[in-house]
Undergrad: 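This is the structure I want to talk about, given as structure tokens.
Note: hydrogens, waters and symmetry copies are ignored here, and every other heavy atom, side chains too, is used. Along the sequence shown, the residues carry numbers beginning at 1.
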Amino acid sequence: EPELYVYATYVPDGVTINEEAFELGIEPQDLYGIYLSICIEEVDPAATAGQLGQDLTYTGPEAEEFVNAYEAKYGESVRTPYSAFVYDAVLMAADAINEAGSEDPDAIRDALDTLGQGEGFSGSTGTITLDEDGQRVEQEQGLFEVDDEGKMQEVEEITGPES
């Protein structure tokens, strides 16, 4: 009788985990998904309603333009963090190419290093600063609960039965 089941997965395994847990009588609120958006993708909302978890908060203060363009193009909300990360990667690469003024990979790499230093690059996922290995220094995580329609809603804190 665990208090909580913690899992991290991708589609299609997330579908299997969630739907089989639901069939076994495990309440969705007893599941905690790490990278929740991916864990609940393509799962029947009945098997996820009330589920809690964490996810990358992928839309920062500059995200409105990206979110609006995505919804206009695809007719739905952004579903996973990867869309916004790819969007930022393309914009950052384009800025680096323009900054380098060249197609030379070394010049572009140097320009990327410069863009990721100091105040960093302002993207839809927030400010992107890079460490000495070219990796993002930090990315905010958020806490979420899945609503009855299977959509994630950000919450301030996760409360359990003992709270």
Side-chain angles (χ1 to χ4, degrees), residues 4-18 28 31-45 47-48 51-147 149-158:
L4 184 69
Y5 299 89
V6 178
Y7 73 107
T9 187
Y10 290 98
V11 175
D13 296 337
V15 175
T16 302
I17 290 169
N18 279 286
L31 296 169
Y32 184 91
I34 298 175
Y35 297 112
L36 187 60
S37 61
I38 297 165
C39 292
I40 65 170
E41 189 175 333
E42 299 179 20
V43 179
D44 179 350
T48 60
Q51 191 172 135
L52 300 167
Q54 70 187 54
D55 207 87
L56 299 169
T57 54
Y58 52 94
T59 53
E62 305 299 322
E64 185 175 355
E65 181 181 332
F66 164 71
V67 170
N68 290 339
Y70 186 97
E71 289 175 355
K73 171 88 174 161
Y74 299 106
E76 65 181 20
S77 298
V78 179
R79 293 176 21 187
T80 72
Y82 298 112
S83 299
F85 290 136
V86 169
Y87 178 81
D88 281 354
V90 169
L91 290 181
M92 195 169 179
D95 278 7
I97 291 167
N98 289 334
E99 183 68 30
S102 167
E103 295 176 9
D104 176 59
D106 290 332
I108 295 169
R109 193 174 299 110
D110 290 343
L112 277 171
D113 286 342
T114 301
L115 282 172
Q117 300 306 308
E119 294 187 27
F121 177 83
S122 180
S124 69
T125 61
T127 300
I128 301 169
T129 53
L130 305 174
D131 65 16
E132 62 277 354
D133 296 319
Q135 298 298 308
R136 192 169 186 161
V137 173
E138 67 179 61
Q139 174 63 50
E140 184 178 340
Q141 295 275 331
L143 299 175
F144 296 87
E145 181 174 2
V146 181
D147 66 19
E149 286 81 43
K151 305 284 186 213
M152 293 185 345
Q153 304 299 323
E154 194 160 11
V155 295
E156 292 293 318
E157 64 182 53
I158 292 179

Undergrad: Tell me every residue that passes side chain to side chain contact (heavy atoms under 4.5 Å, CB included) with Glu42, counting only those two or more places apart in sequence or in another chain.
TA: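 For Glu42 the side chain to side chain contact (heavy atoms under 4.5 Å, CB included) partners, ignoring immediate neighbours, are Val11, Val15, Arg79.
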Undergrad: Could you tell me which non-hydrogen atom of Cys39 sits nearest to which non-hydrogen atom of Ile34, and how far apart they are?
TA: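 Nearest pair, atom of Cys39 first, then Ile34: SG-O, 3.3 Å.
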Undergrad: Side chains of Asp13 and Tyr7: any donor to acceptor distance under 3.5 Å?
TA: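 Note: Tyr7 and Asp13 side chains miss the donor-acceptor criterion.
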Undergrad: For the side-chain contact (heavy atoms from CB on, under 4.5 Å) test, which of Leu52, Leu36, Asp55, Val155 pairs with Leu143?
TA: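 Looking at Leu52, Leu36, Asp55, Val155, the match for Leu143 under the side-chain contact (heavy atoms from CB on, under 4.5 Å) is Val155.
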Undergrad: Which residue pairs satisfy the ring pair (Phe, Tyr, Trp, His ring centres under 6.0 Å) criterion with at least one member in residues 87-135, sequence neighbours excluded?
TA: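 Applying ring pair (Phe, Tyr, Trp, His ring centres under 6.0 Å) to every pair that reaches into residues 87-135, excluding sequence neighbours, yields Phe66-Tyr87.
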Undergrad: Checking Leu4 now: which residues fulfil side chain to side chain contact (heavy atoms under 4.5 Å, CB included) with it, not counting sequence neighbours?
TA: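 With sequence neighbours excluded, Leu4 shows a side chain to side chain contact (heavy atoms under 4.5 Å, CB included) to Val6, Tyr32, given in chain and number order.
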Undergrad: Test of understanding: with side-chain hydrogen bond (donor to acceptor under 3.5 Å, both in side chains), list the residues that count as partners of Gln153, not counting sequence neighbours.
TA: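 In terms of side-chain hydrogen bond (donor to acceptor under 3.5 Å, both in side chains), with neighbours along the sequence ignored, Gln153 is linked to Asp147.
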Undergrad: Using only atom types and a distance under 3.5 Å, with no angle test, would you say the side chain of Asp88 pairs donor to acceptor with the backbone of Thr125?
TA: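 A pair under 3.5 Å: yes.
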Undergrad: Rounded to the nearest 0.5 Å, what separation is found between the OG atom of Ser124 and the CG atom of Leu91?
TA: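 Here the interatomic distance stands at 7.5 Å.
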Undergrad: Go through the structure and list residues passing side chain to side chain contact (heavy atoms under 4.5 Å, CB included) with Ala107, not counting sequence neighbours.
TA: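 Ala100, Ser102, Asp104.
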Undergrad: Within a 6.0 Å radius of atom CD on Glu76, are there more than 12 heavy atoms belonging to other residues, nucleotides or ligands?
TA: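 Count over threshold, so yes.
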Undergrad: Applying side chain to side chain contact (heavy atoms under 4.5 Å, CB included), name anything that partners Ala96, two or more places apart in sequence or on another chain.
TA: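 So Ala96 forms a side chain to side chain contact (heavy atoms under 4.5 Å, CB included) with Ile108, Ala111, Leu112, Leu115.
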Undergrad: Which pairs with one or both residues in residues 108-136 pass salt bridge (charged side-chain N to carboxylate O under 4.0 Å, His left out), sequence neighbours excluded?
TA: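 Qualifying pairs, neighbours excluded: Asp106-Arg109.
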Undergrad: Can you name the side-chain hydrogen bond (donor to acceptor under 3.5 Å, both in side chains) partners of Tyr5, sequence neighbours left out?
TA: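 Tyr5: no side-chain hydrogen bond (donor to acceptor under 3.5 Å, both in side chains) contacts found.
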Undergrad: Not counting sequence neighbours, which residues clear salt bridge (charged side-chain N to carboxylate O under 4.0 Å, His left out) with Glu145? List them please.
TA: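 For Glu145 there are no salt bridge (charged side-chain N to carboxylate O under 4.0 Å, His left out) partners, ignoring immediate neighbours.
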Undergrad: Identify the residue among Gln51, Glu154, Gln54 that makes a side-chain contact (heavy atoms from CB on, under 4.5 Å) with Phe144.
TA: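 For Phe144, the side-chain contact (heavy atoms from CB on, under 4.5 Å) test succeeds with only one of Gln51, Glu154, Gln54, which is Glu154.
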Undergrad: Who are the side-chain hydrogen bond (donor to acceptor under 3.5 Å, both in side chains) partners of Glu71, not counting sequence neighbours?
TA: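 For Glu71, the residues satisfying side-chain hydrogen bond (donor to acceptor under 3.5 Å, both in side chains) (neighbours in sequence not counted) are Ser77.
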Undergrad: Under 4.5 Å between any side-chain heavy atoms of Leu130 and Met92, yes or no?
TA: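 SC-SC contact between Leu130 and Met92 confirmed.
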Undergrad: Holding to side-chain hydrogen bond (donor to acceptor under 3.5 Å, both in side chains), I want the full list of residues that pass it with Tyr70, two or more places apart in sequence or in another chain.
TA: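 Result, side-chain hydrogen bond (donor to acceptor under 3.5 Å, both in side chains) vs Tyr70: none returned.
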Undergrad: Among Val146, Thr48, Thr9, Asp44, exactly one meets side-chain contact (heavy atoms from CB on, under 4.5 Å) together with Asn18. Which residue is that?
TA: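 Of the listed residues Val146, Thr48, Thr9, Asp44, the side-chain contact (heavy atoms from CB on, under 4.5 Å) partner of Asn18 is Thr48.
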